[in-house]
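The first residue in the sequence is number 1, and the count goes up from there.
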Amino acid sequence: NEDWAGSIAAEQPAYFETLAKGQSPRVLWFGCADSRTTPATILGNVELGEVFVHRNIANVLPVTDLSSLSVLTYAVGHLGVEHVVVCGHSQCGGVKGAISGGALGILDHWLAPVKALIEQNKAALDAAGSAAAKEALVTKLNIEAG
């Protein structure tokens with residue numbers, strides 16, 4: 001951390017001073033907690049303070065989740081965020097887990113909205129063909145439900 005902070009301060013002397021003044025992101029990002037994805041990777045060259053981020057398993061956004069609702073309320077109502085992005089991704093472990101139908105412990109509760117989408121769209125999923133096509137469809141449905 002010290003090495004990183006030192007290199008940033010050397011390249012941009014006002015960087016930390018600017019960040020300490022507050023944040024005014026224009027984008028709220030709801031995404032998966034998967035370690036292989038980040039808003040910066042997908043959006044391109046995004047600096048700290050430009051995107052307000054909330055991540056969880058399979059980017060599930062149930063209306064009962066106080067964490068997601070609090071983030072949305074704070075971002076829009078207090079930070080003045082103008083754009084809300086709900087982003088899913090391919091090869092999502094949460095989506096794969098929901099599709100598998102196996103027992104996942106506490107994740108069964110969390111993934112219940114995704115499992116409900118699977119049940120509601122069973123005919124479309126059966127027609128999708130390959131496992132990859134089914135995953136892609138569930139990911140799409142989950143983003144749209146968000």
Between [X] and [Y], is there a donor-acceptor pair closer than 3.5 Å when you use the side chain of the first and the backbone of the second?
| X | Y | result |
| --- | --- | --- |
| N121 | L117 | yes |
| N142 | A58 | yes |
| R55 | C32 | yes |
| D108 | L104 | yes |
| W29 | V51 | no |
| T73 | S70 | no |

Ion pair E119/K115, N-O distance below 4.0 Å: no
With sequence neighbours excluded, residues passing ring-ring contact (aromatic ring centres under 6.0 Å, His included) with Y15: none
For E17, salt bridge (Lys or Arg N to Asp or Glu O under 4.0 Å) partners two or more places apart: none
Minimal non-hydrogen separation, H54 against D65, with atom names: NE2-OD2, 4.4 Å
Nearest heavy atoms of F52 and A75, plus distance in Å: CD2-CB, 3.7 Å
Partner of L61 under side-chain contact (heavy atoms from CB on, under 4.5 Å), chosen from V86, L69, V71, I143: V86
